[in-house]
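Scroll down for the structure; my scribbles are underneath it.
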Amino acid sequence: MSLLVKIKETQAFLEAKGMLNPEFGLILGSGLGSLAEEIEQKIVLDYSDIPNWGQSTVAGHAGKLVYGNLSGRKVLALQGRFHFYEGNSLEVVTFPVRVMKALGCQGIVVTNAAGGIGYGPGTLMLITDHINMTGNNPLIGANLDSFGPRFPDMSNAYTKTYRQTAQAAAAKLGLNLSEGVYLGVTGPSYETPAEILAFKTLGAGAVGMSTVPEVIVAAHSGLKVLGISAITNFAAGFQSELNHEEVVAVTDQIKHDFKNLIKTILVEL
Ligand code: HPA
């Protein structure tokens, strides 16, 4: 089945379940999925019940698609995303973004846990731009002309007006929202200290194993993007060791602020 046919099939399936006219797609990263529990009048589907959909395997990722109202907006939330390092193709990783576009979303909010380069655990970082160090691109293969051009511009992938709205919301809540460039790798190994020094020189503020494929596909189709990283650790070489348990624990500490921030932003987006 072609990608376009799969997108249309999944779109029709979700619409038949009542997931109509979402305004925003939310992609909730490691430990941040509990925001989906605050969605009202919700319709919830297990990933395993959705045609052409991937499966989530990481601890802290629930594997549910949640539709409903959040801050008075119609949202479609991924509670748990698909990672390339799980063995998913980039088509599977980015398929939900294609479907969000097909369903009529105007923008997506992409969140992740990330290692800080210059930023410490507990920092919320607004993503201003990204560096794709995955060595791959989700748009390789036949171009879906109905979504966007063969050679899409990435100059304004992280929508400026969304960033301004995010900073205004942070100020209103008295939260500090740092800004920086997200550098995306495939994982699943964390980086070496030498890699982190190199990434620092390249201008990265955070490093993580997601987000870049989804944002490339979003930008291709003209979806607006807001990206926020929850910094869970100092990147390799800036603290003694890294582990997933720490990532989950720190995300747990900042998720309250994080959820308030997203909800406040959504009102104005
Ligand atoms: N590196 C890559 N991905 C991550 C990190 C990190 O240090 N922390 C959380 N996700």
Side-chain angles (χ1 to χ4, degrees), residues 26-35 54 56-63 78-88 90 93-94 109-136 138 158 177-216 225-259 261-262:
L26 307 183
I27 301 179
L28 304 172
S30 294
L32 304 170
S34 62
L35 180 59
S56 206
T57 65
V58 189
H61 291 247
L78 280 193
Q79 206 176 16
R81 61 149 58 79
F82 308 120
H83 300 87
F84 191 52
Y85 63 70
E86 293 172 275
N88 297 303
L90 287 180
V93 170
T94 59
V109 177
V110 196
T111 68
N112 57 58
I117 305 178
Y119 295 122
T123 305
L124 291 175
M125 190 192 87
L126 180 62
I127 304 176
T128 55
D129 204 347
H130 77 218
I131 298 172
N132 179 6
M133 288 291 259
T134 67
N136 210 328
Y158 296 83
L177 184 57
S178 300
E179 298 197 353
V181 173
Y182 177 92
L183 186 145
V185 293
T186 65
S189 53
Y190 288 116
E191 303 68 38
T192 63
E195 285 165 344
I196 293 301
L197 275 185
F199 297 165
K200 186 173 185 220
T201 309
L202 294 178
V207 57
M209 305 175 191
S210 65
T211 303
V212 163
E214 292 106 312
V215 171
I216 292 172
V225 174
L226 177 73
I228 298 180
S229 291
I231 306 294
T232 53
N233 55 279
F234 286 107
F238 291 94
Q239 65 176 56
S240 56
E241 56 176 42
L242 306 185
N243 61 72
H244 185 62
E245 289 66 38
E246 182 196 8
V247 169
V248 173
V250 175
T251 317
D252 218 50
Q253 288 160 27
I254 45 182
K255 74 181 178 196
H256 176 77
D257 284 348
F258 172 84
K259 288 194 282 190
L261 179 62
I262 302 282

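Read the numbers this way: they start at 1 and go in the same order the structure lists the ligands and their atoms.
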Note to self: I want to check something: taking the side chain as every heavy atom from C-beta on, are L90 and F84 in contact at a cut-off of under 4.5 Å?
What the structure shows: yes
Margin query: Testing the basics here: between G203 and V181, what is the closest heavy-atom pair and its distance to 0.1 Å?
Written below: O-CB, 3.6 Å
Note to self: For a 4.5 angstrom cut-off between non-hydrogen side-chain atoms, does T232 reach E246?
What the structure shows: no
Checklist line | Close side-chain approach of I228 and M125, heavy atoms under 4.5 Å | finding: no
Notebook entry, point to check: Does some side-chain heavy atom of V247 sit less than 4.5 Å from a side-chain heavy atom of Y190?
Noted result: yes
Starting from the N and O atoms of ligand 1, collect every protein N/O partner closer than 3.5 Å and put each pair on its own line with the distance to 0.1 Å.
{"residue": "ligand 1", "atom": "1 (N)", "partner": "E191", "partner atom": "OE1", "Å": "2.8"}
{"residue": "ligand 1", "atom": "1 (N)", "partner": "E191", "partner atom": "OE2", "Å": "3.3"}
{"residue": "ligand 1", "atom": "7 (O)", "partner": "N233", "partner atom": "ND2", "Å": "2.9"}
{"residue": "ligand 1", "atom": "8 (N)", "partner": "G115", "partner atom": "N", "Å": "3.3"}
{"residue": "ligand 1", "atom": "8 (N)", "partner": "N233", "partner atom": "OD1", "Å": "2.7"}
{"residue": "ligand 1", "atom": "10 (N)", "partner": "A113", "partner atom": "O", "Å": "3.4"}

Notebook entry, point to check: Using a distance-only test with no angle check, is there a side-chain donor-acceptor pair under 3.5 angstrom linking N136 and T134?
Noted result: no
